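See structure below.
None of the values given here were measured: they were computed from a predicted structure. Reminder, nothing fancy here: chain letters follow the sequence lines and each chain counts from 1.
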There are 2 protein chains.
Amino acid sequence: MLSRQAIAEAALDVVDTAGPDGLTMRALADRLGVKAASLYNHVSGKDDLLDDLAALVNAEIDLAPLDDPDWRRGLARYAHGYRAVFLRHPNTIALLARRRVEADRQLLTYDALLAALGRAGLDPADAAEAAAALDYLVLGSALETFTAGFTRGAAEYRPRHPALAGALEASAARGPGLDDRGFDLALRLLLDGLAARTAP
Amino acid sequence: MLSRQAIAEAALDVVDTAGPDGLTMRALADRLGVKAASLYNHVSGKDDLLDDLAALVNAEIDLAPLDDPDWRRGLARYAHGYRAVFLRHPNTIALLARRRVEADRQLLTYDALLAALGRAGLDPADAAEAAAALDYLVLGSALETFTAGFTRGAAEYRPRHPALAGALEASAARGPGLDDRGFDLALRLLLDGLAARTAP
DNA sequence: ACCTGAACACCGTTCAAGT
DNA sequence: ACCTGAACACCGTTCAAGT
């Protein structure tokens, strides 16, 4: 019944619904119909549990787009899929970032990305930088959700922060999804720039 | 003696040295030579304290570069300064991200950035997207520090993850600072792309 | 007005005791 | 082999009591 796998899945559920602070050993045990102390028969502690959680979330990232013969399209689809995973599980980011990369699935993800960048014609050192840049963009955009921070209406910002108000308003007129458009813009410009650096 | 200002400064100190989880009301009170309960005479709770902390960190961001008549140079310097603040206080990112932007100083920062993007010749909706993209890049790069996750030597990765090993090795040959180079690359390509979008 | 001690309901984790 | 109750040292927060 109880297993590392089941515990990790329940943990992701708890984090998704109750937030990073809601993931307590007691709440997790409750969801599994068990007492907190029982969890320690399967994981050595909360830190160990977070490693499993990292692996679980990373396993959701679809690597298939990286095999696309059109590398720009492939990278764009990969990046969108990567970001979608963390938009589905935004509460995990603060929990999992700044941890060492040890889950095999996560190492495999980076390896596949770097291989794809290599096939695109980037030399390995450039590929490393490009992979880092992609990572920053995806995690930053999933973590921060620019728009969500501005909780008041543009009109309220206008008196003291006119440029902010104007930008929020103009962007709203373009439709919802400023976060998505900001990410798309950066991704497109990044891929444009990388294309200019690929060997022929 | 005790004041919101002094408490916030001590809190930043505690977070910097003891990590996000090290910031407890008791540890903070200790550093101030007082008991935890005393803090509640000045802040309404830990959440309130984190608002002050956000304001304090944001106040470190230098907005002067945004007035540079050469907007590309100004934005690059601003972004580097912004990132430097969070590299100095990396433990604050997970603590402060995903909070509503309410500190006046933070609203002012975004307003100044959007005004600068407008002066550069971007229309307001494009400026909003560019500001979001910059934010993602800065916070993502300060949060994640790509390199720090790979704790083992490249040789250890090679058997199972050759592209990863090759990229880490080639990047190390280029010198330390893969994170900085990844950020610089993305920033440069972003600014290049924005330049093409500015009105003449 | 502000600091404190004691208390509350919560944490993660351990461990002897059960089955 | 695995679950549990009780306990430990910790959390954030409250509040009556002190000065």
Nucleotide nearest A:N41 when distance is taken to its side chain, options D:dC3, C:dC3, D:dC11: D:dC3

Separation of atom OH in A:Y40 from atom C1' in D:dA7, rounded to whole Å: 14 Å

Below 4.0 Å: OP1/OP2 of C:dC3 and any side-chain N or O of B:H42: yes

Contact under 4.0 Å: B:K35 side-chain N or O vs C:dC3 OP1/OP2: no

Between D:dC10 (P) and A:M25 (CE): distance, integer Å: 19 Å

A:L75 vs A:L113 side-chain heavy atoms within contact, under 4.5 Å: yes

Side chain of A:V34 - closest among D:dT4, D:dC11, C:dT13: D:dT4

Flag for A:Y110-A:D135: side-chain donor and acceptor within less than 3.5 Å: yes

D:dT4: pairing nucleotide in any strand, Watson-Crick or G-U under 3.5 angstrom: C:dA16

B:A37 side chain, from C-beta outward: closest of D:dC3, D:dT13, C:dG5: C:dG5

Residues A:F183, A:F146; criterion ring pair (Phe, Tyr, Trp, His ring centres under 6.0 Å); working and verdict: CA-CA 10 Å; A:F183 175 77; A:F146 192 74; over 10 Å; no

Nucleotide nearest A:A36 (side chain, heavy atoms from C-beta), chosen from C:dC2, C:dT13, C:dC15: C:dT13

N/O (side chain, B:S38) to phosphate O (OP1/OP2, C:dC2) under 4.0 Å: no

Complement of D:dC10, any strand, by Watson-Crick or G-U distances under 3.5 angstrom: none

Value in whole Å for how far the C1' atom of C:dT4 lies from CG of B:D30: 14 Å

Length of the CG-P vector between A:D48 and C:dG12, whole Å: 15 Å

Check ion pair A:D111-B:R160 (N to O, under 4.0 angstrom): no

Polar side chain donor-acceptor pair, B:D62 to B:Y82, under 3.5 angstrom: no

Rounded distance in Å - CZ (A:R4) to C1' (D:dC2): 16 Å

Between C:dC11 (C1') and B:K46 (NZ): distance, integer Å: 12 Å

Spacing between B:L39 atom CG and C:dC3 atom P, to the nearest angstrom: 9 Å

Touch class at under 4.0 angstrom, heavy-atom based, for B:L49 against every strand present: nothing

Options D:dC3, D:dT13, C:dC3, nucleotide nearest the side-chain atoms of B:L2: C:dC3

A:L28 CG - C:dC11 P separation (whole Å): 12 Å

